[in-house]
Amino acid sequence: MTHPADDAVYDLIHETDPDAAAILEREKQRQESTIELIASENHASAAVTHAMGTCFTNKYAEGYPGRRYYGGCAHMDEIEELARARACELFGCKFANVQPHSGAQANTAAFIAMMSPGDTFASLVLADGGHLSHGMKINFSGMFYNPVHYPLHYDKSHPEHERIDYDAVREVCLEHKPRLLLTGYSAYSRQIDFEKFRAIADECGAVLMADIAHIAGLVAAGEHPSPFPHCDIVTTTTHKSLRGPRGGLVLMNDEEIYKKVNKALFPGVQGGPLMHVVFSKAVAFGEALRPDFKVYQQRVRENAVALAEALVSHGYRICSGGTDNHVMLVDLSARDENLTGADAEKWLEAAGIICNKNGIPQDPRPPMKTSGIRLGTPATTTRGFGPEEMKRIAGWIDEVLGAGLQGDAALNDRATATRAEVATLCEQFPMPGATARV
Ligand SMILES: *Cc1c(COP(=O)(O)O)cnc(C)c1O
């Protein structure tokens with residue numbers, strides 16, 4: 001039971017480079033035999049994966065369709081235009097730039113297009129679920145721009161506890177008059193109200209940008225409200241819930257903004273586009289336009305709710321009280337005050353359950369320890385897991401963390417036993433496109 005795209009690569013490379021091929025084989029086996037709960041990861045289809053391994057990688061195509069700096073670009077133009085048209089259809093907008101190498105590059109281009117160095121922009125307090133490209137001091141966004149941050153509701157008795165405090169967003173924006181207001185997050189489990197953000201942006205004269213890197217698949221499938229027509233500029237990754245190749249995308253309706261973004265990305269930020277990835281993006285957008293993609297995203301949400309509820313039944317707390325999307329932040333301290341995110345990540349990995357430590361809002365612990373873990377359901381849902389499997393996973397998580405609290409010997413025994421059960425379950429739900437190796 002292995003991934004055919006990886007099998008083909010393995011067979012090809014094994015002859016000439018057994019060392020590299022052996023590492024591929026080990027990674028493939030790791031992915032196949034473990035449960036992937038990292039919210040920003042997924043298992044791309046064999047078609048999307050194979051598309052990246054084509055002769056499109058050989059070509060330089062600096063510039064844009066019809067205006068390239070190199071000859072021989074006829075088919076580069078065709079594939080880029082197909083990817084753009086599908087992206088626009090998928091997200092219901094007029095213009096798309098499909099060239100960003102990653103989500104961070106898409107954000108860099110958007111910032112350069114919409115702001116001048118030194119300009120102020122407003123984003124969520126980074127430790128509460130933002131992304132490093134939303135103003136971290138050691139990132140371009142914090143080095144060359146002036147970030148100000150808006151909070152969540154921190155008052156435990158507030159019905160919107162740990163959700164976006166729209167009144168505070170408005171106050172921060174009226175006080176600092178940012179050039180750009182940024183919404184969209186890496187660890188926020190509730191729906192974003194783009195209309196409310198639009199009203200605030202209008203009131204303070206800001207450009208409204210949404211970074212939907214995490215929720216893009218849900219948005220494309222209509223399982224989360226669309227940032228259009230409310231947002232001026234929308235960025236995303238293509239490899240998270242959208243289930244495409246690793247890459248970025250910028251979307252907008254305004255032609256002037258489109259022209260600025262194109263210039264900002266090339267020649268502003270990048271050189272030649274990764275045309276093999278653009279080819280794969282077109283294939284992935286084609287998959288996302290099919291009706292079964294909507295069903296997939298509905299299951300992603302169902303599974304997230306099932307996992308969150310099961311964890312609550314074991315004594316954990318879900319930040320903000322639950323999830324509307326694919327992700328949840330689990331407050332481990334509700335189960336045991338000695339549990340940390342760093343330990344949980346390590347202990348669960350030993351049991352074949354992969355996740356990441358993550359700070360919770362106003363976390364008293366430092367970022368390398370944390371009081372929480374972030375869990376997401378895009379990858380497990382792709383494998384075909386349903387609510388029953390989510391309950392089993394929550395049970396395993398609780399058993400492993402309980403054993404870890406008792407010490408190394410208990411943890412070792414438990415992790416070994418759970419790892420075997422995890423592997424058995426994974427055999428029943430192969431990675432997409434998996435076939436018996438012949
Ligand atoms: C993942 C993420 C990004 C960055 O994507 P990369 O492809 O890793 O550069 C940007 N913004 C948000 C909100 C993200 O979650």
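Keep in mind that what you see is a predicted model, and the values were worked out from it rather than measured.
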K.L.:
Side chains of E309 and I318, heavy atoms from C-beta outward: is any pair under 4.5 Å?
P.N.:
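Side-chain contact under 4.5 Å: no.
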
K.L.:
Using 0.5 Å steps for rounding, measure from the CG atom of L375 to the CD1 atom of I397.
P.N.:
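L375 CG to I397 CD1: 5.0 Å, rounded to 0.5 Å.
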
K.L.:
Give a yes-or-no answer on whether the side chains of R365 and T370 include a donor-acceptor pair shorter than 3.5 Å.
P.N.:
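Not at all, the side chains of R365 and T370 share no donor-acceptor pair under 3.5 Å.
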
K.L.:
Which of these passes side chain to side chain donor-acceptor pair (under 3.5 Å) with S133: N107, N139, D211?
P.N.:
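Considering N107, N139, D211, a side chain to side chain donor-acceptor pair (under 3.5 Å) with S133 is found only for N107.
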
K.L.:
Side-chain donor-acceptor contacts of residues 171-186 below 3.5 Å, not counting sequence neighbours, with atom names and distances?
P.N.:
{"unit_1": "T183", "atom_1": "OG1", "unit_2": "Y185", "atom_2": "OH", "d": "3.1"}
{"unit_1": "Y185", "atom_1": "OH", "unit_2": "Y150", "atom_2": "OH", "d": "2.6"}

K.L.:
What residues, two or more places apart in sequence or in another chain, satisfy side chain to side chain contact (heavy atoms under 4.5 Å, CB included) together with P65?
P.N.:
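P65 satisfies side chain to side chain contact (heavy atoms under 4.5 Å, CB included) with R68, D77, E80, E81, R84 only.
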
K.L.:
Considering only residues two or more places apart or on different chains, which pairs with a residue in residues 278-289 satisfy side chain to side chain donor-acceptor pair (under 3.5 Å)?
P.N.:
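Qualifying pairs: S45-E287.
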
K.L.:
Heavy atoms, side chains only, cut-off 4.5 Å: are K369 and K357 in contact?
P.N.:
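They are not in side-chain contact.
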
K.L.:
Can the ring centres of Y60 and Y69 be said to be less than 6.0 Å apart?
P.N.:
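No; Y69 has its ring centre 6.0 Å or more from that of Y60.
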
K.L.:
Could you check V125 against L152 for side chain to side chain contact (heavy atoms under 4.5 Å, CB included), going step by step and ending with a plain yes or no?
P.N.:
CA-CA 8 Å; V125 171; L152 303 173; over 6 Å; no

K.L.:
Treating H149 as the side-chain partner and L124 as the backbone partner, does any N or O pair qualify as donor plus acceptor under 3.5 Å?
P.N.:
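Between the backbone of L124 and the side chain of H149 there is a qualifying donor-acceptor contact (under 3.5 Å).
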
K.L.:
Determine whether P273 and F266 make a side-chain contact, defined as any pair of heavy atoms from C-beta on separated by less than 4.5 Å.
P.N.:
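Heavy-atom side-chain distance check fails, nothing below 4.5 Å.
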
K.L.:
Provide the full list of salt bridge (charged side-chain N to carboxylate O under 4.0 Å, His left out) pairs with a residue in residues 122-135, sequence neighbours left out, each pair given once.
P.N.:
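The answer is none; no pair qualifies.
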
K.L.:
Inspect the contact between R335 and D398 and indicate whether a charged nitrogen and a carboxylate oxygen are less than 4.0 angstrom apart.
P.N.:
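Yes, D398 and R335 are salt-bridged.
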
K.L.:
Check D331 against S333 and note the closest heavy-atom contact, atom names and distance.
P.N.:
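Where D331 meets S333 most closely, the heavy atoms are OD1-OG, 2.6 Å.
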
K.L.:
Give, for atom CD1 of I212 and atom CE of M209, the distance between the pair rounded to the nearest 0.5 Å.
P.N.:
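The distance works out to 11.0 Å.
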
K.L.:
For the backbone of I353 and the side chain of T34, can you confirm whether one donor and one acceptor N or O come within less than 3.5 Å of each other?
P.N.:
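A pair under 3.5 Å: no.
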
K.L.:
Indicate the atoms forming the closest heavy-atom contact of T380 with M390, along with that distance.
P.N.:
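In terms of heavy atoms, the two residues are closest at OG1-CE, 3.5 Å.
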
K.L.:
Looking only at atom types and distance, does a side-chain atom of R301 sit under 3.5 Å from a main-chain N or O of D324, one as donor and one as acceptor?
P.N.:
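Here the side-chain-to-backbone pair exists.
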
K.L.:
Around atom CZ of R299, are there more than 12 heavy atoms from other residues, nucleotides or ligands closer than 6.0 Å?
P.N.:
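For R299, atom CZ is not crowded (no more than 12 foreign heavy atoms under 6.0 Å).
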
K.L.:
Give a yes or no on this: more than 12 heavy atoms of other residues, nucleotides or ligands lie within 6.0 Å of atom NE2 of H75.
P.N.:
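It does not: H75 NE2 has 12 such atoms or fewer within range.
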
K.L.:
According to salt bridge (charged side-chain N to carboxylate O under 4.0 Å, His left out), who are the partners of K294, at least two apart in sequence or on a separate chain?
P.N.:
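With neighbours one apart ignored, the set is E223.
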
K.L.:
Does a salt bridge link E27 with R30, judged by any charged N lying under 4.0 Å from a carboxylate O?
P.N.:
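Yes, E27 and R30 are salt-bridged.
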
K.L.:
Could you state the interatomic distance from CZ (F194) to CZ (F228), rounded to the nearest 0.5 Å?
P.N.:
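With rounding to 0.5 Å, CZ (F194) is 9.5 Å from CZ (F228).
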
K.L.:
Dump the intermediate steps for side-chain hydrogen bond (donor to acceptor under 3.5 Å, both in side chains) on S320 and R163, then the final yes or no.
P.N.:
CA-CA 6 Å; S320 83; R163 302 189 198 190; 4.8 Å; no

K.L.:
Looking at T235 and A106, what are the two nearest heavy atoms and their distance?
P.N.:
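Heavy atoms only, the tightest pair is CG2-O, 3.7 Å.
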
K.L.:
Hey, could you give me the CE/CZ distance between M275 and F56, rounded to the nearest 0.5 Å?
P.N.:
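The distance works out to 6.5 Å.
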
K.L.:
For E195, is there an ion pair with R198 - N to carboxylate O distance below 4.0 angstrom?
P.N.:
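A salt bridge is absent here (no side-chain N lies under 4.0 Å from a carboxylate O).
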
K.L.:
Between L425 and F429, is any pair of side-chain heavy atoms under 4.5 Å apart?
P.N.:
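A side-chain contact exists here, since the closest heavy-atom pair is under 4.5 Å.
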
K.L.:
Should L348 and L401 be marked as a side chain to side chain contact (heavy atoms under 4.5 Å, CB included) after you check the CA-CA gap, both sets of side-chain angles, and the distance that decides it?
P.N.:
CA-CA 7 Å; L348 290 170; L401 299 189; 4.0 Å; yes

K.L.:
For Y154, I'd like to know if atom OH has over 12 heavy atoms of other residues, nucleotides or ligands within 6.0 Å.
P.N.:
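Atom OH in Y154 is packed in, count exceeds 12.
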
K.L.:
Would you say H158's side chain and E160's backbone share a donor-acceptor pair under 3.5 angstrom?
P.N.:
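Flag set: sc H158 to bb E160 pair under 3.5 Å.
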
K.L.:
Return the CE to OH distance between M328 and Y188, rounded to the nearest 0.5 Å.
P.N.:
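That separation rounds to 15.0 Å.
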
K.L.:
Hey, is the main chain of T54 close enough, under 3.5 Å, to the side chain of T57 for a donor-acceptor pair?
P.N.:
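Checked: no pair found.
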
K.L.:
So does H134 get a backbone contact from the side chain of S123, meaning a donor-acceptor N/O pair under 3.5 Å?
P.N.:
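Between the backbone of H134 and the side chain of S123 there is a qualifying donor-acceptor contact (under 3.5 Å).
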
K.L.:
Could I get the full list of ring-ring contact (aromatic ring centres under 6.0 Å, His included) partners for Y166, not counting sequence neighbours?
P.N.:
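Expected list: F197.
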
K.L.:
Using a 4.5 Å cut-off on heavy atoms from C-beta on, say whether the side chain of S102 contacts that of T237.
P.N.:
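Side-chain contact under 4.5 Å: no.
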
K.L.:
Quick one, I215 and H326 - any side-chain contact, counting heavy atoms below 4.5 Å?
P.N.:
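Contact flag for I215/H326 side chains = yes.
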
K.L.:
Does the T418 side chain pair with the main chain of A351, one donor and one acceptor, at a distance under 3.5 Å?
P.N.:
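Between the backbone of A351 and the side chain of T418 there is no qualifying donor-acceptor contact (under 3.5 Å).
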
K.L.:
Do Q191 and P225 have side chains that get closer than 4.5 Å, going by heavy atoms?
P.N.:
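Yes - at least one pair of side-chain heavy atoms lies under 4.5 Å apart.
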
K.L.:
If we check side chain to side chain donor-acceptor pair (under 3.5 Å) with T382, which of these qualifies: R243, H43, E41?
P.N.:
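Checked R243, H43, E41 against T382; only one passes side chain to side chain donor-acceptor pair (under 3.5 Å): R243.
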
K.L.:
Hey, which of V250, L251, D254 is the one that makes side-chain contact (heavy atoms from CB on, under 4.5 Å) with I233?
P.N.:
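Single pass found, and it is V250.
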
K.L.:
Apply side chain to side chain contact (heavy atoms under 4.5 Å, CB included) to D119 and N146, showing your working.
P.N.:
CA-CA 6 Å; D119 276 357; N146 174 40; over 6 Å; no

K.L.:
Between Y64 and N97, does the side chain to side chain contact (heavy atoms under 4.5 Å, CB included) criterion hold? Intermediate values first, please.
P.N.:
CA-CA 9 Å; Y64 292 100; N97 185 314; 3.0 Å; yes

K.L.:
May I ask you to decide if P245's main-chain N or O and T238's side chain share a donor-acceptor pair within less than 3.5 Å?
P.N.:
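Yes: the side chain of T238 pairs with the backbone of P245.
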
K.L.:
Run the side-chain hydrogen bond (donor to acceptor under 3.5 Å, both in side chains) check on Y258 and N253 step by step: do they pass?
P.N.:
CA-CA 8 Å; Y258 181 50; N253 276 325; over 6 Å; no

K.L.:
When rounded to the nearest 0.5 angstrom, what is the spacing between CD in E389 and CH2 in W396?
P.N.:
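Result: 8.5 Å between the selected atoms.
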
K.L.:
Is the side chain of R383 donor-acceptor paired with the backbone N or O of E32 at a distance under 3.5 Å, no angle test?
P.N.:
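A pair under 3.5 Å: yes.
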
K.L.:
Work out which heavy atom in G372 is nearest to a heavy atom in D363; give both atom names and the distance.
P.N.:
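Answer, listing the atom of G372 first, then D363: N-OD2, 4.1 Å.
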
K.L.:
Is it true that a side-chain atom of T323 and a backbone atom of V327 form a donor plus acceptor pair closer than 3.5 Å?
P.N.:
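Flag set: sc T323 to bb V327 pair under 3.5 Å.
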
K.L.:
Evaluate the side-chain proximity of I257 to M114: yes if any heavy-atom separation is below 4.5 Å, no if none is.
P.N.:
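With C-beta onward as the side chain, the pair touches.
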
K.L.:
So which heavy atom on G244 is nearest to which on A44, and how close?
P.N.:
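Taking every non-hydrogen atom into account, O-CB, 4.2 Å.
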
K.L.:
Could you tell me whether E162 and R317 make a salt bridge, using a distance below 4.0 angstrom between a side-chain N and a carboxylate O?
P.N.:
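R317 and E162: salt-bridged.
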
